[in-house]
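Just so it is clear, the structure is predicted and the values come from calculations on it, not from any experiment. Chain naming here is simple, since letters A, B, ... match the order of the sequence lines and numbering starts at 1 in each. Heavy atoms only: backbone and side chains are in, while hydrogens, waters and symmetry mates are out.
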Amino acid sequence: MSKKTPQAIRGTQDIFGADAEAFAFVVETFERVRRLYRFRRVEMPVFEKTEVFARSLGETTDVVSKEMYSFDDRGGESLTLRPEFTAGIARAFLTNGWQQHAPLKVATHGPLFRYERPQKGRYRQFHQIDAEVIGAGEPQADVELLAIADQLLKELGIHDVTLHLNTLGDGASREAWRAALIDYFRAVKGELSEESQERLEKNPLRILDSKDPRDKPFLADAPKIDAFLSEEASAFFAAVTSGLDAAGVKWVRAESLVRGLDYYRHTAFEFIPDEGSASAAALGSQSTVLGGGRYDGLMESLGGAPTPAVGWAAGIERLAMLVGAREEEPADLIIVVEDDARVGEAIGLIGDVRRAGFTAELVASGSPRKRYDKAVKRGADVILSLRAEMGRGITTDNPEADVLGVLGAYR
RNA sequence: GCGAUCAUAGCUCAGCUGGUUAGAGCGCCGGUUUGUGGUACCGGAGGUCGUGGGUUCGAGCCCCAUUGGUCGCCCCA
């Protein structure tokens with residue numbers, strides 16, 4: 001490595017070849033499925049004023065307090081590279097008068113940035129697909145949002161992940177549950193892991209997620225959200241689950257599934273690989289492939305009117321890992337110029353072929369004698385070789401290939 | 001922020017307990033062979049062994065630091 005060449009930034013990736021094809025397959029499939037459900041495409045800025053994230057995610061969250069790429073621009077304003085989509089979309093909903101379109105179903109995808117230690121399925125610049133339904137307070141919105149997620153995963157060929165579903169209740173239910181959890185765990189604080197002792201102050205719901213063996217004995221008897229649900233909240237959850245059943249979306253109840261961000265209410269969910277499955281092995285410790293929930297409280301934190309909303313996001317890199325490497329498609333035609341005098345002829349011909357809608361590649365460099373072999377290695381339906389002597393220069397394993405029609409005179 | 005582990009050619013790796021000019025396969029470039037053919041052979045380019053210090057008569061190999069990769073904790077998609 002030359003001293004003069006700068007290295008790529010830690011946690012960024014240069015995606016190429018079969019991996020890039022897998023990435024593109026995820027995005028293309030998402031675009032197709034999103035149209036099926038009539039989610040509207042939106043393009044969002046990659047950066048926002050820092051307060052957009054600070055206010056919506058909460059100053060104390062890990063994301064805001066230590067994972068954001070924030071900087072002052074030349075005018076002295078603090079800006080931040082988006083660490084997630086939802087806050088920016090909520091801001092746009094308020095500043096652009098998108099209320100008039102409510103309930104608004106939108107979808108987007110693109111890069112996000114988080115200053116974290118990279119590991120399997122986790123990067124500093126990563127990419128997500130994202131779907132949100134804004135201004136819809138009824139459980140049917142949750143159901144539709146989960147149905148699109150479920151169909152997307154199936155169309156990607158991912159069948160060994162399951163929807164883990166929970167409810168956090170409405171604001172009052174959630175607060176009562178939270179208080180009960182704090183009481184419960186505080187009583188045994190000394191026996192909890194260091195992490196959980198800290199979580200007790202910052203984010204007590206997260207203790208339920210703990211993998212530490214010291215915490216495990218206390219988890220089973222911890223207070224359950226179901227005991228604190230208001231009548232409305234529990235009716236809401238029942239409507240979501242029966243809607244999922246009607247839609248044919250398989251799910252399991254996950255009582256310890258919580259969200260780190262405070263703005264979540266009611267439905268919370270993650271699609272997680274089944275234990276022992278190929279997808280579980282492919283993802284390592286980053287088990288969640290798609291996650292989200294209802295965030296009825298968010299708009300108010302940004303100064304808007306109370307607005308119900310649900311959404312999810314999924315990591316494209318993680319989905320691409322489950323899809324597996326995909327080979328680039330071979331060309332319909334490769335033209336090999338074995339005689340440099342015929343390069344002009346080749347350029348004209350390949351233009352005709354491409355305008356006719358076929359994929360075509362030209363091999364006209366390197367040792368003329370090795371060009372044909374190079375073409376064979378790359379692979380194509382049809383290889384046309386232009387040599388010094390005239391004569392048949394076409395080889396194909398597929399005599400029915402449509403591209404042969406364009407090549408009439410060369411047969 | 002914490003921990004583990006790795007870093008030799010474009011790629012995948014070898015390099016014995018530290019000992020002369022650092023190797024292989026693949027790939028790349030050129031040539032020969034074959035001549036409708038993913039063949040075989042010959043040759044070539046390409047490495048200050050991630051970087052910087054140190055120990056030693058001598059370091060790719062040992063020590064320290066640093067950067068980066070990989071994996072885990074935290075957190076999260």
Side-chain angles (χ1 to χ4, degrees), chain A residues 1-3 5-14 16-17 26 57 60-68 82-86 109-131 149 161 193-199 202-203 206-207 209-212 257-261 269-273 283-293 311-322 330 334 336 338 363 365-380 382-389 391-397:
Chain A
M1 220 20 95
S2 162
K3 271 180 185 167
T5 305
Q7 289 179 311
I9 294 170
R10 169 168 236 176
T12 63
Q13 359 166 43
D14 304 305
F16 175 75
V26 171
L57 301 179
T60 62
T61 56
D62 278 15
V63 173
V64 171
S65 63
K66 49 191 191 195
E67 294 175 0
M68 295 205 302
R82 47 141 94 139
E84 58 132 45
F85 276 118
T86 308
H109 67 83
L112 294 308
F113 305 85
R114 240 118 101 162
Y115 190 85
E116 296 183 280
R117 281 294 289 275
Q119 58 192 62
K120 194 183 189 79
R122 169 197 268 185
Y123 306 93
R124 288 186 172 182
Q125 177 179 337
F126 59 106
H127 302 79
Q128 288 185 341
I129 51 179
D130 181 275
V161 304
S193 64
E194 295 79 15
E195 286 86 7
S196 287
Q197 294 191 24
E198 209 167 302
R199 281 189 276 236
K202 280 179 61 182
N203 198 354
R206 275 277 160 206
I207 300 176
D209 255 352
S210 176
K211 299 164 200 158
D212 195 298
L257 191 158
V258 296
R259 305 273 81 187
L261 309 178
F269 54 87
E270 294 179 8
F271 282 79
I272 299 175
L283 281 178
S285 71
Q286 315 301 317
S287 54
T288 301
V289 98
L290 183 154
W312 56 249
I316 298 177
E317 288 86 352
R318 291 185 189 178
L319 290 171
M321 283 192 277
L322 302 191
I334 294 180
V336 183
E338 292 194 79
V363 177
S365 62
S367 170
R369 297 193 140 169
K370 289 180 175 164
R371 290 178 195 170
Y372 189 88
D373 285 354
K374 198 186 279 183
V376 171
K377 277 187 191 170
R378 288 195 197 172
V382 177
I383 296 173
L384 170 64
S385 171
L386 301 182
R387 291 173 298 140
E389 332 80 61
R392 288 181 61 243
I394 292 181
T395 50
T396 174
D397 297 326

Shortest non-hydrogen contact from A/Thr60 to A/Lys202?
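Minimum heavy-atom separation between A/Thr60 and A/Lys202: O-CE, 4.2 Å.
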
Can a donor-acceptor pair be found, under 3.5 Å and without considering hydrogens, that links the side chain of A/Arg318 to the backbone of A/Gly121?
yes

How far does CG of A/Asn203 sit from CG of A/Asp62, to the nearest 0.5 angstrom?
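Nearest 0.5 Å value for the CG-CG distance: 8.5 Å.
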
Straight-line distance of A/Ser193 OG to A/Glu198 CD, nearest 0.5 Å
10.0 Å

Nearest-nucleotide 5' precedence on RNA chain B, A/Ala313 against A/Val376
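On the 5' side of the pair lies A/Val376.
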
What salt bridge (Lys or Arg N to Asp or Glu O under 4.0 Å) pairs are there with at least one residue in residues 113-123 of chain A, not counting sequence neighbours?
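For residues 113-123 of chain A: A/Glu116-A/Arg122.
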
Considering only B/G37, B/A77, B/G31, which nucleotide approaches the side chain of A/Lys370 most closely?
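The nucleotide sitting nearest to the side chain is B/G31.
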
For the side chain of A/Arg114, starting at C-beta, report the closest nucleotide among B/G38, B/G37, B/C76.
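Ranking B/G38, B/G37, B/C76 by closest atom to the A/Arg114 side chain puts B/C76 first.
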
Nucleotide [N], atom [atom2] - distance to [atom1] of [X] in whole Å:
X: A/Asp373; N: B/G27; atom1: CG; atom2: P; value: 11 Å
X: A/Arg371; N: B/U34; atom1: CZ; atom2: P; value: 20 Å
X: A/Phe16; N: B/C11; atom1: CZ; atom2: C1'; value: 12 Å
X: A/Leu319; N: B/A77; atom1: CG; atom2: P; value: 13 Å
X: A/Leu384; N: B/G37; atom1: CG; atom2: P; value: 16 Å

So, does A/Lys377 get its side chain near the phosphate of B/G27, meaning an N or O under 4.0 Å from OP1 or OP2?
yes

Assess whether atom CD of A/Gln119 is packed by more than 12 heavy atoms of other residues, nucleotides or ligands within 6.0 Å.
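For A/Gln119, atom CD is crowded (more than 12 foreign heavy atoms under 6.0 Å).
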
Just jot down the side-chain contact (heavy atoms from CB on, under 4.5 Å) partners of A/Gln197, sequence neighbours excluded, or say none.
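Partners of A/Gln197 under the side-chain contact (heavy atoms from CB on, under 4.5 Å) test: A/Lys189, A/Leu192.
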
Sorted by chain and number, sequence neighbours left out, side-chain contact (heavy atoms from CB on, under 4.5 Å) with A/Lys374 holds for A/Val363, A/Ser365, A/Arg378

The correct list of stems in which RNA chain B takes part (3 or more consecutive Watson-Crick or G-U pairs, distances under 3.5 Å) is B:1-7 with B:67-73, B:10-13 with B:23-26, B:28-32 with B:40-44, B:50-54 with B:62-66

Going by salt bridge (charged side-chain N to carboxylate O under 4.0 Å, His left out), name the residues that satisfy it together with A/Glu270, two or more places apart in sequence or in a different chain.
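By the salt bridge (charged side-chain N to carboxylate O under 4.0 Å, His left out) rule, A/Glu270 matches A/Arg259.
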
What string of B, S and - do you get for nucleotides 68-75 of chain B 5' to 3' if you count protein non-hydrogen atoms under 4.0 Å?
SS-SBBBB

